[in-house]
Amino acid sequence: MFHHAKELQFNARVSGPDPKFASLLLEQFGGMNGELKAAMQYFTQAFAARQPYPKVYDMLMDIATEEFSHLEIVGATIQMLMNGVNGELKDISEQSEIMQMITGKAGKENIIHDAMTNPMFLAVSGGSPTVTNSQGVPWSGYYVDANGDLTVDLRSDIAAETRAKITYEYLMQFTDDPEVKETLKFLMTREVAHHQMFEAALSTLQPNFPPGVTQSDPRYSNLYFNMSKGEEAKGPWNEGESPMLGETWQYIDDPQSHVESSQGLRDQIPAGTSMSMEEADKKSKDISQLRSREIKDSVPKGSNQWGRYNE
């Protein structure tokens with residue numbers, strides 16, 4: 001059950017009209033890293049978590065709902081940046097405010113260029129927010145990542161918050177309006193907060209690496225193939241211990257010779273790892289049974305209902 005409060009979560013303000021930045025800000029309204037994408041992603045993911053992981057479900061629904069409120073903030077900011085352009089477009093007088101903003105041939109050509117870049121924004125919508133990105137590409141459900149496995153979904157959510165955060169960073173460089181910057185800074189900071197929430201939620205699911213239930217094959221999980229010729233680069237990604245599994249990286253300096261000598265890696269023997277193939281298979285079965293039991297035990301036999309109401 002949703003309830004809409006008419007006041008914004010953050011008191012969005014603008015110092016004056018800025019149609020160009022309003023068009024750019026559409027990226028966070030209907031873009032692939034925007035607020036609508038985040039809201040729909042977390043909302044969709046929450047369904048699979050509802051019964052087996054009710055606490056994570058609660059978090060996902062809370063954050064999804066907050067993302068809808070951020071969509072409202074972005075939409076309100078876009079509308080204010082257009083400063084009544086919708087009404088001005090209905091005024092055919094050359095003295096209207098929008099006409100004065102685009103005086104001269106160069107001004108009109110700029111507007112035509114912007115309209116060609118995003119035809120929906122001015123030519124069709126009259127300057128109100130559209131469910132598109134800054135180039136006029138319609139929002140798509142294809143943007144939503146929902147695997148039904150929280151060890152996967154939460155990592156996708158962490159990445160989504162990271163991409164949204166950096167988009168706000170970039171956007172802040174394209175406006176000189178201090179009021180708009182305050183709004184963008186608030187929205188950017190909430191991405192950081194959500195990132196931490198998803199990290200914390202992921203840590204409650206143990207074990208959670210590798211994602212899913214099937215363990216990696218110890219013959220291949222710590223191999224690093226030197227696939228480029230030239231100066232070699234070494235780092236914690238190819239020497240020392242791997243950060244998650246604690247295996248010793250095996251640096252394959254000549255991948256072609258190695259692949260040929262091992263019959264296309266079929267004869268590869270585990271090295272630098274304490275996990276045998278048999279142990280990996282057993283762990284896969286154990287985690288599979290654990291995750292399956294968590295889900296099955298949470299679903300009642302026979303009739304079922306979504307809400308608890310006054311229970």
Side-chain angles (χ1 to χ4, degrees), residues 8 12 14 17-46 60 63-86 88-89 98 101-102 107-147 152-153 155-175 177 180-181 183-188 190-191 194-195:
L8 296 178
V14 303
D18 188 347
K20 286 185 177 292
F21 187 72
S23 180
L24 198 59
L25 190 54
L26 278 173
E27 200 62 41
Q28 289 302 83
F29 194 79
M32 66 184 301
N33 297 314
E35 302 295 352
L36 179 59
K37 173 263 177 69
M40 291 305 300
Q41 178 158 308
Y42 311 151
F43 182 75
T44 303
Q45 290 174 352
L60 285 168
I63 298 178
T65 305
E66 184 180 355
E67 299 290 9
F68 279 119
S69 76
H70 293 173
L71 182 71
E72 186 177 21
I73 291 171
V74 173
T77 302
I78 290 171
Q79 192 67 43
M80 289 188 291
L81 286 169
M82 296 305 292
N83 195 29
V85 165
N86 185 281
E88 295 291 343
L89 287 170
I98 186 65
M101 291 175 65
I102 57 174
K108 288 184 173 61
E109 285 179 349
N110 284 337
I111 287 295
I112 292 171
H113 175 268
D114 291 343
M116 290 178 67
T117 303
N118 184 357
M120 293 289 293
F121 196 45
L122 284 176
V124 178
S125 77
S128 58
T130 54
V131 189
T132 69
N133 67 7
S134 59
Q135 301 297 305
V137 178
W139 187 87
S140 170
Y142 181 75
Y143 299 156
V144 173
D145 292 321
N147 267 123
V152 178
D153 284 346
R155 285 185 168 90
S156 179
D157 297 344
I158 291 167
E161 295 294 324
T162 302
R163 288 191 293 269
K165 193 260 186 186
I166 200 68
T167 301
Y168 279 121
E169 277 192 31
Y170 293 153
L171 283 168
M172 282 166 38
Q173 298 180 48
F174 289 94
T175 178
D177 188 327
V180 173
K181 282 190 173 184
T183 298
L184 299 184
K185 187 176 182 181
F186 165 77
L187 293 169
M188 182 200 73
R190 292 308 297 162
E191 311 295 351
H194 294 165
H195 182 135

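When all heavy atoms are compared, the tightest approach of Gln41 to Ala160 is NE2-CB, 4.1 Å. Considering every non-hydrogen atom in both Thr175 and Lys181, the closest pair reads O-CE, 2.8 Å. Looking at every heavy atom in both residues, Met32 comes nearest to Glu27 through N-OE2, 4.4 Å. In terms of heavy atoms, Met82 sits closest to Ala22 at SD-CB, 3.6 Å. Taking every heavy atom of both residues into account, Gly75 and Pro129 meet most closely at O-CG, 3.5 Å. Among all heavy-atom pairs drawn from Leu71 and Phe29, the shortest one is CD1-O, 3.3 Å.
At least one donor-acceptor pair closer than 3.5 Å links the side chain of Asp153 to the backbone N or O of Asn147. With hydrogens and angles ignored, the 3.5 Å screen pairs no side-chain donor or acceptor of Glu191 with any backbone N or O of Ala164. Formation of a donor-acceptor pair under 3.5 Å by the Thr44 side chain with backbone atoms of Met40 is found in this model.
Considering CZ of Phe68 and OH of Tyr42, their distance stands at 12.0 Å, rounded to 0.5 Å. Once rounded to the nearest 0.5 Å, the distance linking CG of Leu184 with OG1 of Thr77 reads 7.0 Å. Between the OG atom of Ser134 and the CZ atom of Phe21 there is a distance of 10.5 Å, given to the nearest 0.5 Å. The CH2 atom of Trp139 lies 14.0 Å from the OG1 atom of Thr130; values are rounded to the nearest 0.5 Å. To the nearest 0.5 Å, atoms OH (Tyr143) and CG (Asn133) are separated by 5.5 Å. Rounding to the nearest 0.5 Å places CE of Met188 at 11.5 Å from CG of Leu171.
Shown here are the ring-ring contact (aromatic ring centres under 6.0 Å, His included) partners of Phe174, two or more places apart in sequence or in another chain: there are none. For Glu66, the salt bridge (Lys or Arg N to Asp or Glu O under 4.0 Å) criterion is met by Arg190, not counting sequence neighbours.
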I would like to know whether Glu35 and Leu187 meet side-chain contact (heavy atoms from CB on, under 4.5 Å); could you show each step before the answer? CA-CA 10 Å; Glu35 302 295 352; Leu187 293 169; 4.3 Å; yes
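Between His70 and His194, the angle of the ring planes stays under 30°, which puts this pair in the parallel group of the 30/60° scheme.
Counting only residues at least two apart or on different chains, the salt bridge (charged side-chain N to carboxylate O under 4.0 Å, His left out) pairs with a member in residues 157-168 are Lys165-Glu169.
Under the 4.5 Å side-chain criterion, counting only non-hydrogen atoms from C-beta, Asp18 is not in contact with Val14.
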